[in-house]
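Data first, discussion second: the structure below is written as structure tokens.
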Amino acid sequence: MDDLSGTIATICIVAPAVMFAIIAHEVMHGVVALRLGDDTALRAGRLTLNPISHIDLFGTIILPLGLYLFGLPVLGYAKPVPVDFRVLRGGRSGMLKVAAAGPLTNFVLAILSGLALRILPAFSHGSLGTTFVVPLARMLQASMIVNVELGVFNLFPVLPLDGGRVLFSLLPIAAARAYAQTERYGFLILMVLLYMHWLDVAIYPVMNLAFNAITWMVQL
């Protein structure tokens with residue numbers, strides 16, 4: 001029972017961090033798209049932090065929970081915010097800005113969580129130390145880890161991940177069109193890379209480097 005209680009308590013701490021990281025990631029795609037002339041996400045009611053508008057049963061709940069229970073990095077996704085790349089100002093540079101907005105948001109959230117964690121001990125005195133500050137500290141730690149993992153993973157250059165969109169925006173036109181043909185196999189490619197543990201080799205060191213850099217920045 002103690003193990004079960006501990007698992008439930010950990011999930012209660014990690015789940016809000018996962019949910020907010022995923023939702024903020026998607027909302028910022030839509031916000032940047034709106035600033036560049038595409039109001040598709042706005043009209044679809046997706047420029048909101050209301051979880052109901054973004055939750056994907058598998059990507060937002062089942063996948064992160066399963067990864068956590070198997071001791072793997074906690075990743076997930078919300079329903080993708082609709083973006084009409086054809087109407088964005090700036091053409092492919094507009095696509096790059098929209099794609100980069102999600103991961104950059106996660107890195108900013110990781111930094112803000114670290115800063116909040118750094119000043120939290122100032123509020124740890126008195127009766128609130130165990131009832132409020134300690135759980136909040138654990139939640140902020142989870143937010144740092146989750147946002148770094150989500151930001152780095154989404155920058156992996158496979159379509160339809162954000163990193164794939166960024167790479168598409170930077171390639172010469174002919175190469176970009178050829179690269180775009182791989183999107184239909186993107187999910188399969190990711191599953192093969194995960195199964196063969198090649199994705200671990202490529203992403204884990206970057207995640208650790210990013211986390212250590214943010215920890216250094218906020219002087220934790």
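The figures here come from the full heavy-atom set of this structure, side chains too, leaving out hydrogens, waters and symmetry mates.
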I want to check something: taking the side chain as every heavy atom from C-beta on, are Leu161 and Leu190 in contact at a cut-off of under 4.5 Å?
yes
So CD1 of Ile23 and OG1 of Thr48: to nearest 0.5 Å the spacing works out to 8.5 Å
Residue set satisfying side-chain contact (heavy atoms from CB on, under 4.5 Å) with Ala178, at least two apart, ordered chain then number -> none
**Item:** Intermediate values then yes/no, side-chain contact (heavy atoms from CB on, under 4.5 Å), Val14 and Ile145
**Value:** CA-CA 10 Å; Val14 173; Ile145 294 169; over 6 Å; no
*Any donor and acceptor pair, going by atom type alone, linking the side chain of Ser169 with main-chain N or O of Ser93 inside 3.5 Å?*
no
Residues 46-57 vs salt bridge (Lys or Arg N to Asp or Glu O under 4.0 Å), sequence neighbours excluded, gives none
inquiry  = Keeping His54 on the side-chain end and Ala24 on the backbone end, is there a donor-acceptor pair under 3.5 Å?
reply    = no
Ala210 and Val148 have their tightest heavy-atom pair at CB-CG1, 3.9 Å
By side chain to side chain donor-acceptor pair (under 3.5 Å), Asp84 pairs with (sequence neighbours left out) Arg86
Taken to the nearest 0.5 Å, the spacing of Phe85 CZ from Thr40 OG1 works out to 10.0 Å
Under a 3.5 Å distance rule, please check whether Arg89 uses its side chain to pair with a backbone N or O of Gly94 as donor and acceptor.
no
For residues 176-198, the salt bridge (Lys or Arg N to Asp or Glu O under 4.0 Å) pairs (sequence neighbours left out) are Arg165-Glu183
Would you mind reporting whether Asn208 and Phe211 have side-chain heavy atoms less than 4.5 Å apart?
no
* Asked: When hydrophobic residues are tied together by side-chain contacts of less than 4.5 Å, even through go-betweens, does Leu170 share a cluster with Leu155?
  -> no
In short, Ala202 meets Phe156 closest at the heavy-atom pair CB-CE1, 3.9 Å
Q) Do Phe153 and Ile214 belong together in a cluster built from hydrophobic side chains that touch within less than 4.5 Å? A) yes
Taking every heavy atom of Pro157 against every heavy atom of Tyr179, the minimum-distance pair comes out as O-OH, 2.8 Å
Determine, using the 4.5 Å side-chain heavy-atom cutoff (strictly less than), whether Leu209 and Met207 are members of one ILVMFWY cluster.
no
Closest non-hydrogen atoms of Pro82 and Ala44, given as atom of the first, atom of the second and distance, are CG-CB, 4.0 Å
Residue pairs passing the salt bridge (Lys or Arg N to Asp or Glu O under 4.0 Å) test with at least one member in residues 15-41, sequence neighbours excluded, are Asp39-Arg43
Kindly list each side-chain donor-acceptor pair under 3.5 angstrom involving residues 95-121, sequence neighbours excluded, with atom names and distances?
unit_1 : atom_1 : unit_2 : atom_2 : d
Thr105 : OG1    : Ala101 : O      : 2.6
Asn106 : OD1    : His25  : ND1    : 2.7
Asn106 : ND2    : Ala21  : O      : 3.2
Asn106 : ND2    : Asn147 : OD1    : 2.9
Ser113 : OG     : Leu109 : O      : 2.8
Ser113 : OG     : Ser143 : OG     : 2.7
Arg118 : NH2    : Gln219 : OE1    : 3.3

- Task: Would you sort out whether Ile62 and Leu57 count as a side-chain contact (heavy atoms from CB on, under 4.5 Å), showing the intermediate values?
- Result: CA-CA 6 Å; Ile62 296 175; Leu57 178 60; 4.0 Å; yes
(message) Just so I know, are the side chains of Ile13 and Gln141 near enough to count as touching, which here means a heavy-atom distance under 4.5 Å?
(response) no
Of all heavy-atom pairs linking Ala17 and Val146, the shortest is O-CG1, 4.2 Å
d(Asn154 CG, Glu149 CD) to nearest 0.5 Å is 12.0 Å
Review point. Do Leu49 and Met139 belong to the same hydrophobic cluster, where Ile, Leu, Val, Met, Phe, Trp and Tyr are linked whenever their side-chain heavy atoms lie under 4.5 Å apart, directly or via other members?
Key: no
Between the CG atom in Leu34 and the NE2 atom in His29, the distance rounded to the nearest 0.5 Å is 15.0 Å
Between Val27 and Leu47, the two heavy atoms sitting closest are O-CD2, 3.8 Å
Here the gap from Leu167 atom CG to Leu159 atom CG, rounded to the nearest 0.5 Å, amounts to 7.5 Å
Quick check: is Met144 connected to Ile203 through a chain of hydrophobic side chains (ILVMFWY, heavy atoms under 4.5 Å apart)?
yes
